[in-house]
Amino acid sequence: MDKEQFINKIKEFNIDITDNMLKQLEMYYELLIKWNEKINLTAITEKKEVYLKHFYDSLTLCRVIDLSKEKTLCDIGTGAGFPGIVLKICFPHLKVTLVDALQKRITFLEEVISKLNLQNIECIHIRAEEYAKENRDIFDVVTARAVAKLNVLLEYSLPLVKPGKYFIALKGNEDISLAKNALKILNSEVIKEDKFTLPIENSNRTIIKIKRLGNISLKYPRKNTEIKKKPL
Ligand code: SAM
């Protein structure tokens with residue numbers, strides 16, 4: 001996907017892309033490639049591929065939510081910043097929190113934030129389930145791409161979400177029936193399952209939008225060892 005195709009395709013998400021945002025995406029691409037020589041950030045390095053499989057793919061979250069109406073977003077297991085950094089660039093009003101368990105990736109993200117001069121964004125080196133234990137009920141939107149199976153991801157994420165707001169998982173193929181038990185225990189429901197294919201290369205995508213209905217027992221999220229031993 002070249003830059004022109006990218007600009008055209010994201011029109012479907014009603015994103016008002018400015019020259020400054022395009023410049024920030026370009027700088028982000030360059031930093032990604034430069035740092036990727038030293039630390040493992042991504043297997044995708046060709047520019048057109050990054051624009052399609054990282055930048056455009058991150059923005060597909062807008063298929064299920066109008067982010068211009070939301071204030072706070074947390075991206076768990078953000079890695080090199082997908083989708084969190086891309087969403088911050090395109091929706092600068094959002095207060096964004098990026099969470100990852102790997103310090104090296106957090107160091108990279110801090111450099112990106114500084115070089116792109118992004119404001120109102122923080123990155124935290126912590127496991128999502130530990131972060132969620134101490135930061136319950138605070139985000140309008142929590143998201144994650146390629147981090148864990150849905151039932152595990154729900155335990156990490158839903159306690160962070162304000163009751164009545166959303167967790168949105170960006171997935172390839174996913175069988176959501178496997179998360180039935182987790183949804184019940186965590187007092188939440190799937191309100192949208194959006195299946196589509198990525199333009200140009202046609203790989204499958206599923207976006208799962210989940211609404212947190214009310215209180216979640218303080219028992220959740222459990223410790224990592226317990227989650228692994230007995231996933232919901
Ligand atoms: N979301 C990014 C993307 O789509 O390109 C990164 C995906 S990468 C496959 C998974 C990332 O999740 C890694 O950076 C890993 O450190 C992080 N991760 C996995 N489990 C985590 C947890 N429990 N808490 C925080 N980060 C986690």
Side-chain angles (χ1 to χ4, degrees), residues 1 9-15 44 52-79 81-84 86-87 90-91 94 96-99 128-129 132 137-217 220-221 227 230-232:
M1 171 176 270
K9 275 304 277 180
I10 62 165
K11 283 186 184 147
E12 69 195 56
F13 305 139
N14 290 324
I15 295 170
I44 300 163
L52 175 64
K53 293 183 186 166
H54 285 324
F55 294 175
Y56 177 82
D57 193 46
S58 293
L59 292 171
T60 57
L61 184 127
C62 305
R63 291 171 63 95
V64 302
I65 193 161
D66 179 359
L67 286 177
S68 67
K69 297 204 170 83
E70 308 298 336
K71 293 193 180 75
T72 53
L73 178 139
C74 179
D75 180 18
I76 66 164
T78 187
F82 305 116
V86 182
L87 294 171
C90 294
F91 295 90
L94 282 175
V96 170
T97 303
L98 307 173
V99 171
E129 59 275 29
D137 316 339
I138 60 170
F139 291 100
D140 295 329
V141 182
V142 177
T143 187
R145 186 184 82 158
V147 176
K149 283 195 178 147
L150 191 59
N151 55 336
V152 169
L153 210 46
L154 293 179
E155 183 165 356
Y156 292 166
S157 320
L158 283 165
L160 290 164
V161 177
K162 282 182 194 163
K165 303 300 265 182
Y166 309 102
F167 169 64
I168 301 174
L170 302 183
K171 293 280 194 179
N173 286 315
E174 185 86 10
D175 181 1
I176 60 168
S177 67
L178 297 175
K180 236 180 178 173
N181 187 46
L183 284 166
K184 198 168 157 210
I185 290 172
L186 300 165
N187 200 5
S188 302
E189 68 180 12
V190 174
I191 56 168
K192 202 168 211 172
E193 189 188 5
D194 182 23
K195 287 185 180 290
F196 60 100
T197 54
L198 209 59
I200 302 166
E201 51 101 81
N202 292 325
S203 54
N204 291 330
R205 292 289 184 275
T206 309
I207 299 184
I208 304 150
K209 182 177 184 184
I210 288 160
K211 184 173 183 174
R212 177 168 156 185
L213 299 174
N215 288 339
I216 293 175
S217 163
Y220 303 103
I227 296 177
K230 252 189 147 196
L232 294 177

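Just so it is clear, the values below take in all heavy atoms, side chains as well, and ignore hydrogens, waters and symmetry mates. This structure is a prediction, so every number in the text was calculated from the model and none was measured.
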Could you tell me if the side chain of [Y] sits less than 4.5 Å from the side chain of [X], heavy atoms only?
X: I207; Y: K192; value: no
X: F196; Y: T60; value: yes
X: K149; Y: P231; value: no
X: L59; Y: V86; value: yes

- [ ] Please report the C-alpha distance between R212 and D137 in whole Å, then the side-chain angles of each, then the deciding distance to 0.1 Å, and finally whether the salt bridge (Lys or Arg N to Asp or Glu O under 4.0 Å) criterion is met.
- [x] CA-CA 10 Å; R212 177 168 156 185; D137 316 339; 2.9 Å; yes
Open item on the list: Within the supplied structure, the quantity of interest is the number of heavy atoms (other residues, nucleotides, ligands) at a distance under 6.0 Å from K71 NZ; does it exceed 12?
Closed with: no
Task: More than 12 heavy atoms of other groups within 6.0 Å of K162 NZ - done: yes
- [ ] Carefully, step by step, assess I176 and L150 under the rule side-chain contact (heavy atoms from CB on, under 4.5 Å).
- [x] CA-CA 7 Å; I176 60 168; L150 191 59; 3.9 Å; yes
Open item on the list: Between N151 and N181, is the side-chain contact (heavy atoms from CB on, under 4.5 Å) condition met? List the steps.
Closed with: CA-CA 8 Å; N151 55 336; N181 187 46; over 6 Å; no
Measure the [atom1]-[atom2] distance between [X] and [Y] for me, rounded to the nearest 0.5 Å.
X: I227; Y: Y156; atom1: CD1; atom2: OH; value: 5.5 Å
X: K171; Y: D194; atom1: NZ; atom2: CG; value: 15.5 Å
X: I44; Y: K53; atom1: CD1; atom2: NZ; value: 5.0 Å
X: I168; Y: I65; atom1: CD1; atom2: CD1; value: 4.0 Å
X: L87; Y: D75; atom1: CG; atom2: CG; value: 7.5 Å
X: L67; Y: C90; atom1: CG; atom2: SG; value: 10.0 Å

Where [X] and [Y] come nearest, the two heavy atoms and their spacing:
X: I76; Y: S157; answer: CD1-OG, 3.3 Å
X: P159; Y: Y220; answer: CG-O, 3.9 Å
X: S188; Y: L186; answer: OG-O, 2.9 Å
X: E155; Y: P221; answer: O-CB, 3.3 Å
X: S58; Y: L170; answer: O-CD1, 4.2 Å
X: F139; Y: K165; answer: O-CB, 4.0 Å

Under 3.5 Å: donor-acceptor pair, side chain of [X], backbone of [Y]:
X: T143; Y: A169; value: no
X: N187; Y: I216; value: no
X: N202; Y: T197; value: no

TODO: Classify the ring geometry between F55 and F82 as parallel (under 30°), tilted (30 to 60°) or perpendicular (over 60°).
DONE: tilted
Open item on the list: Applying the side chain to side chain contact (heavy atoms under 4.5 Å, CB included) criterion to I210, which one of L158, I191, L153 satisfies it?
Closed with: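 Output: one option passes, namely L158.
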